[in-house]
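Just so you know, these numbers come straight off a predicted model, no measurement behind them.
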Amino acid sequence: MEEKERIAKIEEKIKSNSEKIKEHDDKIEKLSDVYIALTKVNDKVENVENDVTEMKADIKDIKDKPAKKWENIVDTILKTIVGAIAGAVIALILK
C-alpha cells in the first residue's frame, strides 16, 4: 500500500506541476503580447517626437518672419532717410 500511495503522490505532483507549467506558459504568452504592444507604442512615440521637433522648427520660422519683415522695413526707412539727407546736403553744396 505504501508504494501505491507514493505513486499517487507522485502523480498528483506531476499533475500540479503540469498545471503550473500551463499557467506559466499563459503568463509568458501574455508578457510577449505586452512586449509587442509596447514596441508598437514606442514606435508611435518616436514618430510623435519627430513630428513635434518638425513643428517646433516650423513655429520658430513662422515667429521669425515678422521680425525679418520689420527689420527690412526699418532698413528701408533708414536708407531712405540717409539718401534724402545726402541728397539735401548735395543740393545745398551745389547751390
Which residues satisfy the salt bridge (Lys or Arg N to Asp or Glu O under 4.0 Å) test with Lys22, sequence neighbours excluded? Asp26

Taking atom NZ of Lys68 and atom CG of Asn72, what is their separation to the nearest 0.5 Å? 9.5 Å

Mind checking what makes side chain to side chain donor-acceptor pair (under 3.5 Å) contact with Lys79, not counting sequence neighbours? Asp75

Nearest 0.5 Å please: distance from the CG atom of Leu31 over to the CD atom of Glu29. 10.5 Å

What residues form a side-chain contact (heavy atoms from CB on, under 4.5 Å) with Val34, not counting sequence neighbours? Leu38

By side-chain contact (heavy atoms from CB on, under 4.5 Å), which residues pair with Ile77, not counting sequence neighbours? Ile73, Ile81

Residues which pass salt bridge (Lys or Arg N to Asp or Glu O under 4.0 Å) with Lys60, listed by chain and number, not counting sequence neighbours: Asp64

Flag, side chain of Ser16 to backbone of Glu12, donor-acceptor distance under 3.5 Å: no

All side-chain contact (heavy atoms from CB on, under 4.5 Å) counterparts of Val89, not counting sequence neighbours: Ile85, Ile93

What's in the same ILVMFWY side-chain cluster as Ile90, cut-off under 4.5 Å, chained through other members? Leu94

Where at least one partner belongs to residues 40-51, residue pairs that pass salt bridge (Lys or Arg N to Asp or Glu O under 4.0 Å), sequence neighbours excluded: none

Indicate yes or no: at least one non-hydrogen side-chain atom of Lys9 is less than 4.5 angstrom from one of Lys13. no

Under 4.5 Å side-chain linkage, directly or through intermediates, the cluster mates of Val52: Val48

Give me the other members of the hydrophobic cluster that Ile10 sits in, counting Ile, Leu, Val, Met, Phe, Trp and Tyr linked by side-chain heavy atoms under 4.5 Å, directly or via other members. Ile14

Apply side-chain contact (heavy atoms from CB on, under 4.5 Å) to Ile7 and list each qualifying residue two or more places apart in sequence or on a separate chain. Glu3, Glu11

Do Leu78 and Trp70 belong together in a cluster built from hydrophobic side chains that touch within less than 4.5 Å? yes

